[in-house]
Amino acid sequence: MLALKRWNTPTIYNGWEQVTDHDIARECFNLEPVRDFMPQMGPMVGRAITVVFEPSNPKHRENASAWSEYYAYVASVPGPKIAVVQDLDKPVMKGAFWGEVNSNIHKSLGCIGTIVDGAIRDVDEMNNAGFKALARGMCVGHAYSTPVRWGVSVEVFGVEVEPGRLIHADKHGFLVIPPEDEVGLLEAAEFMDRNECNTLIPSGRSATGKTIPQLLETIKQAGMRSGQAIKEQFGRRGEW
Amino acid sequence: MLALKRWNTPTIYNGWEQVTDHDIARECFNLEPVRDFMPQMGPMVGRAITVVFEPSNPKHRENASAWSEYYAYVASVPGPKIAVVQDLDKPVMKGAFWGEVNSNIHKSLGCIGTIVDGAIRDVDEMNNAGFKALARGMCVGHAYSTPVRWGVSVEVFGVEVEPGRLIHADKHGFLVIPPEDEVGLLEAAEFMDRNECNTLIPSGRSATGKTIPQLLETIKQAGMRSGQAIKEQFGRRGEW
Amino acid sequence: MLALKRWNTPTIYNGWEQVTDHDIARECFNLEPVRDFMPQMGPMVGRAITVVFEPSNPKHRENASAWSEYYAYVASVPGPKIAVVQDLDKPVMKGAFWGEVNSNIHKSLGCIGTIVDGAIRDVDEMNNAGFKALARGMCVGHAYSTPVRWGVSVEVFGVEVEPGRLIHADKHGFLVIPPEDEVGLLEAAEFMDRNECNTLIPSGRSATGKTIPQLLETIKQAGMRSGQAIKEQFGRRGEW
């Protein structure tokens, strides 16, 4: 996973596109906007643990052992883990699941960050804990935040996430990798990036001294070389 | 107020939760997302002055003395003051009430910042004036910005604000403190923060060398100690 | 255009207001929120080239020469150019037109940036290319991004943009200058800024030692001097 973490999420998407049979315009990534509150931390890569909460509802507080049972679940799964959190009060943000306390505890239990379709608070303290968060926004309170159920399939930002899914996330959004697409993903992403570096990117970065027709022809040829290389590698038609 | 300003708004919320009879999941804070355009200034604390405007409507410009009468109102209230501004064109942002001119004038009249349910512009110049703004967004023009009425109850970001209310605001959002909750608020916030520092936060930050069962037990015990301390202090059941 | 680039977009708006017959509360600027992903680059000024795409629709990929024909269009127009891009999948962001490849190619063809009513990706690499972007958000993939039609009138952020229009954009949003308002625009903006510097801004920045009544009178007099100067310059009633 640390090797996957060397690349940003768009680059992983470019590799995933070549190895998947899923719809690259609709599945396996967030369809609603998400904000990375710690872009300076770079990407995060881990396996999903899941939890649902409903901050507006005080009844959930009646389950006095909810937190300790939920923490036992978090601890029981091998890391690195990303906590994927569904807020039943969506779209209103009435209370945050995340703050300084919960971030530090999750970090101690092997979580590296969270994707929460709701609010966070104590952003400075979350940064201090080294705990990355992609969220919808911020709010001032926690209201009645309590784990309602966990280890279940959740829906966040328009995509369903099952526990255990490999997740790659950065400021651009996140990818939820289907199990069958894990094999060869890193290699495909690395190939696609190298291919861009060899073809289309330099065609746009070495324009000095060329006439416009020469430049357009250089770009066109680079596009064809890029497509040909992808076809040879993956047996599909090229990206461009 | 300067002592309250030492703490972020979530910490003030944690104290407020212990002293209030209001619904902590619904009242006294913004229910719609707000963006702090000067997070580097930290929190702001002051009493609300209020004003309503409607940038799309040129008729308000016919009141030639609107600005000078409104400024006299602003000057008549003791500071530090926060200008809470309702935009009748919401949700469209057709013009900004705030820019370099208005920020500097308000600052000179004892305002430290604004919460505006609409747009700002001249963000660099507002920073230069030391005038903090929580807003919905930015726009390029002022359109027909004119004070329509002032010193009245306004609704911003889903919460009603009366003139004179104590407000605590930072990048997480804002709290509108009811008058009856002002007494003891600072002390409650300070107690809650100290209690976290003594219990739950260290339980998550001193995991080194512990087995998972030891760690889970440490967290559980810290939660119980935290709850017990809050019960003794405030005579309620603990936060966790 | 480089002289216009010295001023932020709100200042250009202030000048435009004095020379235009359009509705200053409704026309020629974005009516929907837009985010500048490169605020540190300052404003951008250029002429619009336009393109429409539909990332969710794989059929557009069947036009194998779309990219080279579109690039020939981009190259055929004199610069500096701003690519104004309409996303037919709005409001969902399924794929980005912009990434490292496309930014570098456009830059080589004389584009300085883009206004896209959709998503971008590879933000770091776009910064590295010196290519500024105002967009609605970010996403991880490109989906089936292909130029569908270009050199046509497009609608972005609630405003129609025709090819060739002069555009001024910064973190506050963007202005689409009608051709008849280009003459005298720079001079009007410079006049309005100088007038503010001579009247209303110092009235708010030199409050020290004044009583409140003196201060209110200073502000009032500055407002009258400002309005009088604008009336003499443009033959209209003043801004304030």
Side-chain angles (χ1 to χ4, degrees), chain A residues 35 37 54-58 61-62 64-79 89 91-96 98-111 119-126 128-131 135-146, chain B residues 8-14 16-17 23-36 39 42-43 158 168-176 193 195-197 199-208 210-213 215-224 226-227 237-240:
Chain A
R35 180 171 163 200
F37 283 85
E54 187 182 28
S56 68
N57 191 343
R61 285 275 171 106
E62 293 169 10
S65 61
W67 281 108
S68 58
E69 288 174 21
Y70 164 68
Y71 288 145
Y73 157 67
V74 175
S76 72
V77 179
D89 290 332
V92 183
M93 293 184 287
K94 292 186 170 171
W98 295 104
E100 186 178 14
V101 167
N102 227 0
S103 302
N104 276 292
I105 290 176
H106 277 77
K107 183 87 184 203
S108 77
L109 297 173
C111 274
I120 58 171
R121 62 176 197 159
D122 299 342
V123 175
D124 295 355
E125 293 77 9
M126 292 180 81
N128 178 271
F131 195 78
R136 237 181 330 119
M138 289 184 282
C139 74
V140 299
H142 50 195
Y144 305 109
S145 290
T146 310
Chain B
N8 69 5
T9 307
T11 300
I12 300 301
Y13 171 96
N14 289 352
W16 171 72
E17 181 186 7
D23 184 342
I24 60 156
R26 191 162 325 207
E27 298 177 78
C28 308
F29 60 87
N30 60 298
L31 290 173
E32 299 169 12
V34 55
R35 180 173 163 197
D36 179 355
H168 200 288
D170 73 3
K171 63 186 164 195
H172 299 92
F174 62 90
L175 266 178
V176 185
D193 187 75
N195 189 40
E196 274 188 3
C197 290
T199 57
L200 281 158
I201 295 172
S203 79
R205 288 177 78 99
S206 50
T208 310
K210 291 199 181 79
T211 64
I212 291 293
L215 185 53
L216 288 170
E217 184 61 23
T218 303
I219 294 165
K220 193 176 183 177
Q221 293 296 331
M224 291 172 64
S226 168
R237 73 168 188 75
E239 173 192 347
W240 286 78

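Proteins get letters first, then strands, A, B, ... in listed order; numbering begins at 1 in each. Just so it is clear, the values below take in all heavy atoms, side chains as well, and ignore hydrogens, waters and symmetry mates.
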State the [atom1]-[atom2] distance between [X] and [Y], to the nearest 0.5 angstrom.
{"X": "B:L215", "Y": "A:S108", "atom1": "CG", "atom2": "OG", "answer": "4.0 Å"}
{"X": "B:T11", "Y": "A:E100", "atom1": "OG1", "atom2": "CD", "answer": "8.0 Å"}
{"X": "A:M138", "Y": "B:H172", "atom1": "CE", "atom2": "NE2", "answer": "6.0 Å"}
{"X": "B:I201", "Y": "A:D122", "atom1": "CD1", "atom2": "CG", "answer": "8.0 Å"}

So which atom in [X] and which in [Y] form the shortest heavy-atom distance, rounded to 0.1 Å?
{"X": "A:V140", "Y": "B:G173", "value": "CG1-C, 3.6 Å"}
{"X": "A:M93", "Y": "B:P33", "value": "CE-CG, 3.9 Å"}
{"X": "A:A75", "Y": "B:I212", "value": "CB-CG2, 3.6 Å"}
{"X": "B:A25", "Y": "A:P55", "value": "CB-O, 4.0 Å"}

Indicate yes or no: at least one non-hydrogen side-chain atom of [X] is less than 4.5 angstrom from one of [Y].
{"X": "B:E17", "Y": "A:H142", "answer": "yes"}
{"X": "B:I219", "Y": "A:W67", "answer": "no"}
{"X": "B:L216", "Y": "A:L109", "answer": "yes"}

Taking side chain as everything from C-beta outward and backbone as N, CA, C, O, which of these in A:V123 sits under 4.5 Å from a heavy atom of chain B? Side chain, backbone, both or neither.
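Both backbone and side chain.
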
Please identify which of these residues, B:N14, B:T9, B:N8, meets the side-chain hydrogen bond (donor to acceptor under 3.5 Å, both in side chains) condition with A:R121.
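Considering B:N14, B:T9, B:N8, a side-chain hydrogen bond (donor to acceptor under 3.5 Å, both in side chains) with A:R121 is found only for B:N14.
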
Walk me through it: do B:R205 and A:N128 pass the test side-chain contact (heavy atoms from CB on, under 4.5 Å)?
CA-CA 11 Å; B:R205 288 177 78 99; A:N128 178 271; 2.9 Å; yes

Around atom NZ of B:K220, are there more than 12 heavy atoms of other residues, nucleotides or ligands at under 6.0 Å?
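Incorrect, the count does not exceed 12.
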
Okay, side chain of B:Y13, backbone of A:C139: is any donor-acceptor separation there less than 3.5 Å?
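Answer holds: no.
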
Who among B:P213, B:P10, B:S206 has the most heavy-atom pairs with chain A under 4.5 Å?
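Ranked by contacts with chain A, first place is B:P10.
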
Which answer fits B:K210, side chain, backbone, both or neither, if we ask what part of it has an atom under 4.5 Å from a heavy atom of chain A?
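The answer is neither part of B:K210.
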
